[in-house]
Amino acid sequence: MTSPQGRMRPARRPTRRLTEIAAWVGCTVDRDAEVSGMAVGSADVQPGDLFAAVPGLKAHGADYAAAAVAAGAVAVLTDPTGAARLRAAGVDVPALVTDRPLRPLVGEVAARLYGEPARDVVSVGVTGTNGKTTTTYFVEAALRRQHVRTAVIGTVELRVGEESIESPRTTVEAPVLHALFGLMRERQVTACAMEVSSHALALDRVAGLRVDVAGFTNLQRDHLDFHGDMEGYFADKARLFAPERAARAVVCVDDAWGARLAAEARIPVDTVATREDAVGLDGADWRVSDADVGLDGVGSSFTLSGPDGVELRAHSPLPGMVNVSNAAVAIVLAHRAGVPLADAAAGVAAATAIPGRMERVVERTEGWPLCLVDYAHTPDALVLALEAVRPITPGRLVIVLGSDGDRDRGKRPIMGRIAAELADVVVVTDENPRSEPPETIRAAILDGVRQVRPDLHDVYEVAPRSRALRVGTLLAGPRDTVIVTGKGHEPTQEVAGVFHRYNDRDVYRAVHAEGRRGPVDPAALLAEPPVAVDDPVDVGSITVLDVTGTPSLADLTTAMRTLRRTAVQRRRVAVVGAPAGPASVTELDALGRLAVRLDVQRLVAVGNPARAVYTGAYQEGSWDAESIVVPDAAEARAWLADELTDGDVVLVAGSDPELAQLAADLRAGVVHP
């Protein structure tokens, strides 16, 4: 099945002869074919595609050519090493073999294949360590003042007009990128704001694209596991500011890296200084002054002065100096992309909430603390986030944080020290442990915390992340602010190589739905038993909660509440049999009523002993297909096979061994949408 990003292509697909493409590449081919698309990942292949088999960090794309051909690829573009692997694997399709560097070539070929569609779209590309996503959304909001239809390409989503899908990475592979621009042209989208990551620049994912305006926010410690050191990191970022990649640039010169980039860039540059201590303040083309950093907790205002005495009062919809910087850079970027300056400022001021970037999930009302989600995952970003939140916090500042596994280990104690210095209450948990033991990562963060608080006062180590965020929220009172950092918008958590559906916003909303308010005594809160449900298991398109074996009625009740917390904004499906041990008809009836009150959209009671669960749900207001009773687990299995849809969260609960097998088959993908 083609991935969602692989399907974001124009409906009117191009058709080129393989011999024509061979001439572009500068090679020959023994057989011709009709090519109507291109892909680097085998999961993105559609029938008629040219599959680009490029060498990677750990494997060669030629090793996946057989899968690509099975998906419909009609030819392969590769290097001599890849060609040898194709022959060894018996892959019998025409091959374009070249000694030219493949990654830049792939972008060039993809752009030509789709007819250079980016030339018909005003494009703004934003790079930098922190602020790329926020600045990109600000730019897009400003572009909408001038363009009827716009697009966004970045960490959060791939959006063309009104169609949006989750983004697999900050910057997609070149064939996907040029197909997206082809889709934009087809749908009359005339402007695009996009994030450009350092990985994308190093790996030539933006080859074949020349943006109208390139933007730079800052350069801070991150991704050194990939780039080696800050010089390597800077060199890769600087690739965007070359004549073949951008027509002009807007560079924030607050830090030394920005000042250096502006001096070394080989294209026209507008420099923006947003702080009084900016390294490039003297001589900056644009300057920020009179910043009011949003003590109302909503946004920030500032004055932006530019060339020829231009001056206007501008506004950021997000609090803190960091978002003053992002807004100022975005205004100048949009202006240099053709939007009148006043319109650009008005567009940025009207930008709506940006997923996972100082995102307000629960407001400070009715006894609740202000609950924020922010993507800050570098030391400098964490400082800026906490400094932005402190002025809008009348009480204590509670932070829940972790750090990524298999990434820069040196920043972990730094993050812990910053949290201990700038927050009042620190909850250390897991982020994306990946292949590392989570406790090892937490220990490194706590080493940094101890540098500031040797006695670990108001410091708590809690896992898993969902429990940690629940603890952090319930530790807070109505005057406090809770901020969870590191994952932002991310819809999954990677643990031991497995991606589980997870989002911090959902946990906040689940705690809010419980109705329990803090501050709760820390000792009592931490002493509460963990939920008696196995961790949800993400099996691709659905999530499974397994409460089978010998669960009590109390376990089934807890599981129903856990289903509600796990499936915020997703459909809840409960398959419930009788518990182990005694349970009266009245108690089972109450369980069914609870399911309806918790908004379980589909409830299946399995077997006559569990019929009262259905009866209670029916009496509470669930009828027709919403709540049914079936005689056995086999009938429940048949019902699920027809009923399941992508995104469902499914609870299977009860003592029947057949239900345990059903849960196992759901986890194994035997039963699926």
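Everything numeric in this text was worked out from a predicted model, so none of it was measured.
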Are E528 and R516 close enough, and set up right, to give a salt bridge (Lys or Arg N to Asp or Glu O under 4.0 Å), and what steps lead you there?
-> CA-CA 14 Å; E528 291 179 0; R516 184 183 183 188; 2.5 Å; yes
Can you tell me if D521 uses its side chain to pair, donor with acceptor, with the backbone of A524 under 3.5 Å?
-> yes
Quickly, which of V649, D599, L598 forms a side chain to side chain contact (heavy atoms under 4.5 Å, CB included) with R572? Name it, please.
-> D599
Give the C-alpha distance, both sets of side-chain angles, the deciding distance and a yes or no for side-chain hydrogen bond (donor to acceptor under 3.5 Å, both in side chains) between S552 and D555.
-> CA-CA 5 Å; S552 66; D555 292 333; 3.3 Å; yes
Do S655 and T550 have side chains that get closer than 4.5 Å, going by heavy atoms?
-> no
Within a reach of under 6.0 Å around CZ of R611, are more than 12 heavy atoms found that belong to other residues, nucleotides or ligands?
-> no
Donor-acceptor pair, side chain of R453 and main chain of A420, under 3.5 angstrom | yes
Enter the distance from L382:CG to L422:CG here, rounded to the nearest 0.5 Å.
-> 7.5 Å
Salt-bridged, E162 to R149, with N to O below 4.0 Å?
-> no
Could you tell me whether the side chain of R465 reaches within less than 4.5 Å of the side chain of D504, counting heavy atoms only?
-> yes
Would you name the heavy atoms of S466 and V507 that are closest together and state the gap between them?
-> O-CG1, 3.6 Å
Is there a side-chain hydrogen bond (donor to acceptor under 3.5 Å, both in side chains) between T481 and R390 once you walk through the steps?
-> CA-CA 8 Å; T481 297; R390 175 61 76 182; over 6 Å; no
In short, A578 meets P609 closest at the heavy-atom pair CB-CB, 3.8 Å
For D506 and N503, test the side chains for any donor-to-acceptor distance below 3.5 angstrom and give the result as yes or no.
-> no
In Å and rounded to the nearest 0.5 Å, what is the CD to CG distance from Q601 to L603?
-> 11.0 Å
Inter- and intrachain pairs under salt bridge (charged side-chain N to carboxylate O under 4.0 Å, His left out), touching residues 393-402, at least two apart = R396-D480
Sub-3.5 Å donor-acceptor pair from the side chain of D632 to the main-chain atoms of E635, do we have one?
-> yes
Show your working on side-chain hydrogen bond (donor to acceptor under 3.5 Å, both in side chains) between T485 and D374 and close with a plain yes or no.
-> CA-CA 5 Å; T485 61; D374 194 72; over 6 Å; no
Where the side chain of E195 meets the backbone of T155, is there a donor-acceptor pair that is under 3.5 Å apart?
-> yes
Taking side chain as C-beta onward, heavy atoms only, is L563 less than 4.5 Å from V600?
-> yes
Heavy-atom closest contact (V482 atom, T473 atom, distance) = CG2-CA, 4.1 Å
Taking 4.0 angstrom as the limit, do D404 and R434 come out as a salt bridge?
-> yes
Give a yes or no answer on whether the side chain of R144 reaches the backbone of V139 with a donor-acceptor pair at less than 3.5 Å.
-> no
Note: E431-K487 ion pair, threshold 4.0 Å (strictly below) | no
Full working for side chain to side chain contact (heavy atoms under 4.5 Å, CB included) between H489 and E157 = CA-CA 10 Å; H489 68 284; E157 63 180 336; over 6 Å; no
Between the main-chain N or O of G395 and the side-chain N or O of T393, is there a donor-acceptor pair closer than 3.5 Å?
-> no
Heavy-atom pair of closest approach, residues T548 and V652 | CG2-O, 3.7 Å
For the residue pair V576 and A610, what are the closest heavy atoms and their distance?
-> O-CB, 3.9 Å
Sub-3.5 Å donor-acceptor pair from the side chain of H315 to the main-chain atoms of S300, do we have one?
-> yes
Do the charged groups of D648 and R571 touch, with an N to O distance under 4.0 Å?
-> yes
Hey, mind stepping through R357 and T133 against side-chain hydrogen bond (donor to acceptor under 3.5 Å, both in side chains) and telling me if it holds?
-> CA-CA 8 Å; R357 274 67 181 173; T133 300; 3.0 Å; yes
Might you point out which heavy atoms bring V520 and L475 nearest each other, and give the distance in Å?
-> O-CD2, 3.8 Å
Take L651 and V575 through the test side chain to side chain contact (heavy atoms under 4.5 Å, CB included) and record every step on the way to the result.
-> CA-CA 6 Å; L651 165 67; V575 180; over 6 Å; no
When you check the gap from the basic side-chain N to the acidic O, do E436 and R412 get nearer than 4.0 Å?
-> yes
Should N130 and V322 count as side-chain neighbours, where that means a heavy-atom distance under 4.5 Å?
-> no
S435-D406 side chain donor-acceptor pair, cut-off 3.5 Å | yes
Taking the side chain as every heavy atom from C-beta outward, state whether K411 and H377 have any pair of such atoms under 4.5 Å apart.
-> yes
Per the side chain to side chain contact (heavy atoms under 4.5 Å, CB included) rule, which among V425, V398, V428 passes with Y460?
-> V425
Sidechain N-carboxylate O distance under 4.0 Å for R159, E163 | no
Find out whether L372 and M358 are in side-chain contact, i.e. whether some heavy atom of one side chain is under 4.5 Å from a heavy atom of the other.
-> yes
Using a strict cut-off of less than 4.0 Å between a Lys/Arg side-chain nitrogen and an Asp/Glu carboxylate oxygen, indicate whether D447 and R450 qualify as a salt bridge.
-> yes
Under a 4.0 Å N-O cut-off, is there an ion pair linking R667 with D546?
-> yes
Side chains of I483 and L397: closer than 4.5 Å at any heavy-atom pair?
-> yes
Quick check: does any side chain N or O of E359 sit under 3.5 Å from a backbone N or O of G356, one acting as donor and the other as acceptor?
-> yes
SG (C371) and NE2 (H512) are apart, to the nearest 0.5 Å, by 8.0 Å
Assess whether side chain to side chain contact (heavy atoms under 4.5 Å, CB included) is satisfied between V426 and L401, documenting all intermediate values.
-> CA-CA 8 Å; V426 179; L401 83 158; 3.8 Å; yes
Report yes if the side chains of E461 and L446 come closer than 4.5 Å at any heavy-atom pair, otherwise no.
-> yes
